[in-house]
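Heads up: the structure comes next, in structure tokens.
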Amino acid sequence: TQKWKEAEESLNHYVSKAPSDPSGFTLLAKLNLYRTYFSVPDLLAILPTAEEYLQNALNLNPKEESARLLLVLSLIHI
């Protein structure tokens, strides 16, 4: 819906302004996973993108706990 799109645009804007902050990538991954949570085909389709965001976050900060946890949870759902 429109709110999800607005949230994604805001997060993309934040990431473009602060590309070295891993939390922006983690939040983008969360947003994409939550947005598609109730639609299995959509969730499966978005998993590679979410994983890429989480890998970006972990590359910036390997100790980013929320990104680590979310990555593990997303991989369990595959």
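Here the structure is a predicted model, which is why all the values come from computation and not from measurement.
- Taking every heavy atom of both residues into account, V15 and G24 meet most closely at CG2-C, 3.7 Å.
- Interatomic distance, E65 CD to L58 CG, rounded to the nearest 0.5 Å: 9.5 Å.
- Within the structure, side chain to side chain donor-acceptor pair (under 3.5 Å) contacts touching residues 19-34 (residues at least two apart or in different chains) are Y14-D21, D21-S23, N32-R35.
- For the side chain to side chain contact (heavy atoms under 4.5 Å, CB included) test, residues two or more places apart in sequence or in another chain that qualify with A29 are A50, Y53, L54, L70.
- Partners of S10 by side-chain hydrogen bond (donor to acceptor under 3.5 Å, both in side chains), not counting sequence neighbours: none found.
- With sequence neighbours left out, the side-chain hydrogen bond (donor to acceptor under 3.5 Å, both in side chains) criterion links Q2 to E6.
- Residue L11 holds its CG atom at 8.0 Å from CD of E8, rounded to the nearest 0.5 Å.
- The hydrophobic clustering, which links ILVMFWY residues whose side-chain heavy atoms are closer than 4.5 Å, places F38 and L31 apart.
- What you find for L60 and P19 is that their closest heavy atoms are CD1-O, 3.3 Å.
- With rounding to the nearest 0.5 angstrom, the CD1 atom of I46 is 11.5 Å from the OG atom of S74.
- Between E52 atom CD and L47 atom CG the span is 13.0 Å, to the nearest 0.5 Å.
- Remark: H13 NE2 to K17 NZ distance equals 5.0 Å, nearest 0.5 Å.
- Judged as a side chain to side chain contact (heavy atoms under 4.5 Å, CB included), and not counting sequence neighbours, the contacts of Q55 are E51, L71.
- Within the structure, every pair that satisfies the side chain to side chain donor-acceptor pair (under 3.5 Å) test and touches residues 41-50, not counting sequence neighbours, is listed here: S39-D42.
- Evaluation of the side chain to side chain contact (heavy atoms under 4.5 Å, CB included) rule for T1 yields K3, W4 as partners, not counting sequence neighbours.
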